[in-house]
Each structure stands twice: as structure tokens, then as C-alpha cells.
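These figures come from a predicted structure and were not determined experimentally.
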Amino acid sequence: MSDNRLRTLGNRPVGPGQPVYITGEIGINHNGDLDKALALVDAAAEAGCDAVKFQKRTPEICTPRDQWDIERDTPWGRMTYIDYRHRVEFGEEEYRTIDAHCEERGIAWFASPWDTEAVAFLEKFDVPAHKVASASLTDDELLRALRATGRTVILSTGMSTPRQIRHAVEVLGSDNIVMCHATSTYPAVPEELNLRVIDSLHREYPNVPIGYSGHETGLQTTLAAVALGATFVERHITLDRALWGSDQAASVEPQGLVRLVRDIRTIEAALGDGVKKVYDSELGPMKKLRRVAAAV
């Protein structure tokens, strides 16, 4: 019998009873450098992640017109904001290279499209899913375009009210989504992570797999999210948190990513099935330590 709480990301089922699907969010932490992007793919593959994720924007659509000509300091000198947005954006040639490299490393990749043109761009590739960034949750046009692809859609819920989340689910449909609890602060402080929302989302959307997209520093709270039932986990990753960029400080470096994946796998093994039993390994200690034999 099929479980309507399961979704498919490529060749991997995601949901209750399945291994946690772990995604390293590269985003734009590559700073427009393809070699850095490939090195981050390598780090995620070596750590044992299931996928890496990027962000895809059409700069002229996603950047408000009144900000195009505002100048800012960047690692490449002073430039207008629209030029900066183009500087950190990959085109089809770069994504073809990323696609081939991910296939070689045995790791999936997908992205958060920020506009409908970006959806069309990503549809040139056989990505296992599309991601709705928290900032895009209220963009009905984008949600409809994503639903029309027929692919699994991962919905992040940071900076969103319960009413806004319900509306997004109505637009996307609940049959093909994975929902992620998130707090959209970079980095987020523990007092605002509110991990018990994972359980609240489980109750409100019982047929939707619930995951966690974390923007905090440290690993403990992401591990707690897994213990609370997150079936999908996403953390920003970086080669060095001191690199230039707004997401770097809330990202996990390669050594930390290895520990995170290792500890998630340990936790999911330790959670078990919830059925109390006496293990064979306990029989020896029982014989040695229990003074009064059980009646039954």
C-alpha cells in the first residue's frame, strides 16, 4: 500500500520512515565563481549529502527597478546593484558544468527559482525538485508555474503567517510538496527557531512531509529538528564563513557538514520505531542484574 505522506526527489523517497533527505544549500555562496561552486558540490558529496541547492534569479525581474543603479562595494570593486546581481548569477553553460559534475559525484542538485523565467530555465535540466524560498511564498504566479512542472516542490515557510502558508498550499496543492519550517534571519538566534513548529505543521498538514531549513550557527538545533521529526533538512554551506556574502556567517563549513550528516544518521537510527521491546542484547544483563523474575 502506498503512503500518501511520501514524496519522491529523484530516486529517493522522502517522508516518515525514510532516511532524512539532507541538502547542502550553496545558494550564492559561490559568489559567481564556478570553481567555488564545484568545490562546494565536492564538500557536500564527501559529507554524504543527498543534494545541493542553488538559487536562480533573472536579475531584471527580481531586482526592483529603483535599485538597479545604486552603487555598492563588492569584492570586484564598486558596481551598480544590477551589475552585482549579474556577477553572482550562473547561466546555462555554468549549470551544464554543475549538472555534469553532480552526476559524476553521485549527488543531486536543484534550485530555488525566484521568478517564472528562472523556472523555465531550470526545466532545461532534470532536477529532482524545485524549492520555494521563504521570500517567495506569497508569489502566486511563481507557485502556479512550479505546480505546472509536475515536480516535487519544497516549500520554506520562514517570514510567513499560518494564513499565508495555508494559501500557498492551496495554490501548490498538497499532493506533491514537502514543507520546511524556517526562521528567515541570518543567522537566526536559538530563541527564535521555535522548533516545536515542526510538530504543529505535522498536525496541521498530516499528509505532507515536514522538514527544516536552518539558518542558525552551530549544529545542535538542526539535530534537534531531526529528533522532532524533520524528514528533510537543509543548511547553507560554505568553504569559509569569513568569505564575502550575507549568507556566509549562517553557513556550515565542510568539517561541520561531515559532522552534521554523521550525527543525523546516528539520530535517525537511534529513534527506532517507537515499539517498546526487550532486545537480545539486554538478556544477559537481565539475567545478571534482575533479582525478581517477572511474573509474565
Check your understanding: Is the distance between the ring centroids of Phe110 and Phe54 under 6.0 Å?
Key ->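 Distance test on ring centres: not under 6.0 Å, no.
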What is the minimum heavy-atom distance between [X] and [Y], and which atoms define it?
{"X": "Thr152", "Y": "Arg7", "result": "CG2-CB, 4.3 Å"}
{"X": "Lys277", "Y": "Val275", "result": "NZ-O, 3.1 Å"}
{"X": "Ile177", "Y": "Pro209", "result": "O-CD, 3.5 Å"}
{"X": "Ala129", "Y": "Leu9", "result": "CB-CG, 4.1 Å"}

Side chains of [X] and [Y] only: does a donor on one sit below 3.5 Å from an acceptor on the other?
{"X": "Ser213", "Y": "Glu234", "value": "yes"}
{"X": "Thr222", "Y": "Arg235", "value": "yes"}
{"X": "Asn29", "Y": "Ser251", "value": "yes"}
{"X": "Asp247", "Y": "His215", "value": "no"}
{"X": "Thr238", "Y": "Gln248", "value": "yes"}

Check your understanding: Does atom CD of Glu141 have more than 12 heavy-atom neighbours from other groups under 6.0 Å away?
Key -> no
Review point. Is Arg12 positioned over the aromatic face of Tyr21, cation under 6.0 angstrom from the ring centre and no more than 45 degrees off axis?
Key: no
Practice item. Establish, for the pair Arg96 and Phe90, whether the NZ or CZ atom is under 6.0 angstrom from the six-membered ring centre and no further than 45 degrees off its axis. Key: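 Geometry flag: not set, cation outside 6.0 Å or 45°.
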Check your understanding: Using 4.0 Å as the upper bound for N to carboxylate O, is an ion pair formed by Glu92 and Lys124?
Key -> yes
Point to revise | SB check Arg65 Glu60 (cutoff 4.0 Å) | key: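 Between Glu60 and Arg65 there is no salt bridge, as every charged N stays at least 4.0 Å from the carboxylate O atoms.
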Practice item. Please list, chain by chain and in numerical order, all residues satisfying side chain to side chain donor-acceptor pair (under 3.5 Å) with Tyr212, sequence neighbours excluded. Key: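 So Tyr212 forms a side chain to side chain donor-acceptor pair (under 3.5 Å) with Glu216.
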Check your understanding: Looking at residues at least two apart in the chain, or sitting in another chain, which of them share a side chain to side chain donor-acceptor pair (under 3.5 Å) with Glu117?
Key -> none
**Study point:** Parallel, tilted or perpendicular: ring planes of Tyr81 versus Tyr84, cut at 30 and 60 degrees
**Key:**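 Correct class here is parallel.
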Donor-acceptor pairs are to be reported for all side-chain atoms of residues 35-46 against protein atoms at under 3.5 Å, with residues two or more places apart or in another chain.
unit_1, atom_1, unit_2, atom_2, d
Asp42, OD1, His101, NE2, 2.7
Asp42, OD1, Arg105, NH1, 2.9

Practice item. Say whether, by atom type as modelled, one donor and one acceptor occur between the side chain of Thr183 and the main chain of Glu192 under 3.5 angstrom. Key: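 The answer is yes, because a donor-acceptor pair under 3.5 Å joins these two groups.
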Review point. Quick check: does any side chain N or O of Thr97 sit under 3.5 Å from a backbone N or O of Glu93, one acting as donor and the other as acceptor?
Key: yes
